[in-house]
Amino acid sequence: MALATDEQAVIDAVPKRLFIGGEWRDAAAGGTIAVEDPATGETLCEVADAQPEDAMAALDAACAAQAGWAAHPPRERGEILRRGFEELTGRADELALLMTLEMGKTIKESKAEIAYAAEFLRWFAEQAVRIDGRYSVAPNGAGRLLTMKGPVGPCLLITPWNFPMAMGTRKVGPAVAAGCTMVIKPAKLTPLSMLALADILDRAGLPPGVINVISAKSAGGSTGPLIEDGRLRKLSFTGSTAVGKKLIEQSASQVLNTSMELGGNAPFLVFEDADLDAAVEGALLAKMRNIGEACTAANRFHVAESLEHEFAERLAQRLGALKLGRGTEEGVDVGPLVDADTREKVSELVGDAVDRGANVLVGGSQVDGAGYFFQPTVLEGVTPDARLLKEEIFGPVAPVTGFGSEEDAIAAANDTEYGLVAYVFTRDLQRALRVCEGLETGMIGLNQGMVSNPAAPFGGVKQSGIGREGGYEGIEEYLETKYVAINL
Ligand code: NAP
């Protein structure tokens, strides 16, 4: 099936080669990777497939540019990011269409992501001029303590396919603001958004070598040599916990500074005093944003026993009314999953829960035909041993279980190795604070189904990660602290 004219135009407009040292170039071996439309399974275009020597050339360029970039006036670093923000915002329609084509989410959701992604550039444009230090008197009064901050150095930024633009700007924004240079390795399923971003920031005035982008078929093959190279000073990764663990191990050889934004298994707690309308609304957002393919997606719904059935029924009604289709089509609410493997895993998890006794209130199956569609699904009476209460579902499936006491709810929520985010619905202020204190997560949505905000520190505890992105904390990940002991 041929692409529509506007679709072909946005695909044609993106550079499809590697961006290294301010130039677009083919991969060393001339190889390419096919980028697919998950709604049709058809190839959209081919992008360069970086080899280890290309990755090394990108690191060479980042290292060559580092000293000059660190010395660049912070105000100008901020102005470049600000121009990037304006450009992303001004070209939101075109960039959203590009994202929908490569990733599958609806145009409305892609536009929301472009706006979210752009806000990271604006936030960090403002932070670039707020990097400071301290001067203090030593406790014994004899000496002085000077604390200064500087860029950590060349960074490797590895991004996932689920938020192809925002997971990039959430790293690029603070890295540029702090004065770091970088090599970006986007996911091979969705490389186009990061290539478009490199083009935008290049035009916005970023000097050659500050940002380098390598799309690659072999993620480990292209990034492995960089992680082992002593010139690299930072690895910031967003992706699965399994890959994050491997990268932490690899990083040990150089004692590399790492930031890890990993997987989640978010509990969504509804107490008997909750506003049920608000809880259902919040559940819809927390579950269905990004087709359920979000680290912050509500993975399991723990509902007070007295409300469990009503909540499940109402959620099923809402999910059952959603329209599936290609994200570019008018009136579509839910796009396809990103690929066949992702859909297979979702099917498997639903099958496992049903085999163990769960009741399907709505959905439950793959959709036949082209593309990787899965019906929005609500399962009730999910047994505690079901795999989907323990594993990241990454699809439009909502398992609902009941709880007795507040203590039981907190214990169930914390019964996971993950700790990214939790959602809590209650109208009792004291309970809200008690539960927030008891939850072992980096973030909590209190009476709301979304936490992401560029001005807030995003990140997890336990096996959901190390470090924070966004907020005042985000830039700290790209800064080193140096202390000077002064003898007065
Ligand atoms: P993934 O398979 O871990 O991949 C993430 C990135 O790592 C991709 O660019 C991937 O490249 C690359 N990669 C894979 N294996 C690698 C290796 N051995 N060495 C170096 N790089 C490697 O995760 P995903 O499926 O793309 O994304 C979904 C996961 O990300 C979920 O677990 C989700 O929860 C998590 N996530 C977390 C956050 C957060 O902020 N905490 C945000 C979004 C997503 P290729 O894809 O090209 O192989």
Side-chain angles (χ1 to χ4, degrees), residues 33-36 47 49-50 52 55 102-103 113 116-117 120 156-171 183-194 213-228 232 235-251 256 258-266 289-299 337-339 341-342 345-346 391-395 416-421 441-443 451-454 456-470 474 477:
I33 319 170
V35 183
E36 208 182 73
V47 299
D49 176 16
E102 68 172 344
M103 188 275 169
E113 183 181 335
Y116 175 52
F120 283 108
L156 172 60
L157 313 179
I158 303 180
T159 59
W161 51 262
N162 63 341
F163 291 98
M165 186 65 91
M167 297 303 94
T169 57
R170 204 162 77 167
K171 298 182 191 305
V183 177
I184 307 175
K185 209 291 297 165
K188 60 178 168 296
L189 292 174
T190 60
L192 301 177
S193 294
M194 273 305 99
V213 181
I214 50 163
S215 43
K217 215 174 270 176
S218 169
S222 54
T223 60
L226 305 192
I227 295 170
E228 276 152 30
L232 188 76
L235 167 61
S236 178
F237 171 76
T238 298
S240 61
T241 295
V243 173
K245 284 181 186 179
K246 273 194 218 163
L247 293 172
I248 291 169
E249 266 183 52
Q250 265 181 282
S251 300
L256 195 58
T258 59
S259 296
M260 293 280 149
E261 292 289 347
L262 308 178
N265 177 7
R289 177 169 174 243
N290 225 43
I291 323 160
E293 295 170 313
C295 52
T296 50
N299 209 57
L337 293 175
V338 77
D339 65 4
D341 289 351
T342 303
K345 163 123 195 261
V346 173
E391 297 176 33
E392 222 178 356
I393 303 171
F394 244 54
T416 170
E417 68 270 26
Y418 294 105
L420 189 63
V421 60
T441 57
M443 303 176 287
V451 292
S452 305
N453 190 317
F458 188 106
V461 300
K462 292 158 78 177
Q463 293 191 27
S464 285
I466 304 169
R468 294 292 181 268
E469 290 190 325
E477 306 278 325

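Fair warning: this is a prediction, and the values are worked out from it, not measured in the lab. Whatever order the structure lists ligands and atoms in, that order sets their numbers, starting from 1. Atoms considered below: every heavy atom in the structure, side chains included; atoms not considered: hydrogens, waters and symmetry mates. We number each residue from 1, following the sequence as shown.
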Of the listed options [options], closest to [atom] (non-hydrogen atoms):
{"atom": "atom 1 (P) of ligand 1", "options": "S215, A187, S240, A266", "answer": "S240"}
{"atom": "atom 25 (O) of ligand 1", "options": "F458, W161, F237, F394", "answer": "W161"}
{"atom": "atom 15 (N) of ligand 1", "options": "V338, V243, D341", "answer": "V243"}
{"atom": "atom 32 (O) of ligand 1", "options": "E469, E392, Q250", "answer": "E392"}
{"atom": "atom 41 (N) of ligand 1", "options": "L262, L156, N290", "answer": "L262"}

Minimum-distance protein heavy atom relative to [atom]:
{"atom": "atom 10 (C) of ligand 1", "result": "K185 NZ, 3.7 Å"}
{"atom": "atom 27 (O) of ligand 1", "result": "P160 CB, 3.5 Å"}
{"atom": "atom 36 (N) of ligand 1", "result": "C295 CB, 3.6 Å"}
{"atom": "atom 12 (C) of ligand 1", "result": "I158 CG2, 3.7 Å"}
{"atom": "atom 18 (N) of ligand 1", "result": "G220 CA, 4.0 Å"}
{"atom": "atom 22 (C) of ligand 1", "result": "A219 CB, 3.3 Å"}
{"atom": "atom 35 (C) of ligand 1", "result": "G239 O, 3.1 Å"}

Test your reading of the model: is there a side-chain donor-acceptor pair from [X] to the backbone of [Y], 3.5 Å cut-off?
{"X": "K188", "Y": "W161", "value": "no"}
{"X": "T241", "Y": "Q463", "value": "yes"}
{"X": "T342", "Y": "V338", "value": "no"}
{"X": "T441", "Y": "G419", "value": "no"}
{"X": "E113", "Y": "A166", "value": "yes"}
{"X": "N162", "Y": "E293", "value": "yes"}

**Request:** Consider only side-chain N and O atoms of S259 and E477, and report whether a donor and an acceptor are under 3.5 Å apart.
**Result:** yes

**Message:** Under a 3.5 Å threshold, yes or no: a donor from one side chain and an acceptor from the other, between S215 and K185?
**Reply:** no

Return the minimal non-hydrogen interatomic distance between [X] and [Y], and the atom names on each side.
{"X": "G221", "Y": "P52", "value": "O-CG, 3.7 Å"}
{"X": "I214", "Y": "S222", "value": "CD1-CB, 4.4 Å"}
{"X": "V47", "Y": "L192", "value": "CG1-CD2, 3.7 Å"}

Using a strict cut-off of 4.0 Å, indicate which atoms of ligand 1 neighbour a heavy atom of [X].
{"X": "P186", "result": "9 (O)"}
{"X": "R170", "result": "39 (C), 40 (O)"}
{"X": "M167", "result": "42 (C), 43 (C)"}
{"X": "T159", "result": "6 (C), 8 (C), 9 (O)"}
{"X": "T223", "result": "19 (N), 20 (C)"}
{"X": "K188", "result": "45 (P), 46 (O), 47 (O), 48 (O)"}
{"X": "N162", "result": "43 (C), 44 (C)"}
{"X": "L247", "result": "19 (N), 20 (C)"}

**Asked** Within 45° of the axis and under 6.0 Å from the centre of the six-membered ring of F458, does NZ or CZ of R468 qualify?
**Response** no

**Prompt:** Would you say I158 and L235 make side-chain contact, with heavy atoms under 4.5 Å?
**Reply:** yes

**Request:** Quick one: list whatever passes ring-ring contact (aromatic ring centres under 6.0 Å, His included) with F237, sequence neighbours left out.
**Result:** none

**Message:** With respect to K246, determine whether any N or O atom, backbone or side chain, lies less than 3.5 Å from an N or O atom of ligand 1.
**Reply:** no

**Message:** Taking 4.0 Å as the limit for heavy-atom contacts, which would you say applies to K217 with ligand 1: side chain only, backbone only, both, or neither?
**Reply:** neither

**Message:** Closer than 4.0 Å and a protein heavy atom, does any atom meet both conditions relative to atom 4 (O) of ligand 1?
**Reply:** no

**Request:** Look at ligand 1 and say whether F163 reaches it with a heavy atom at a distance under 4.0 Å.
**Result:** no

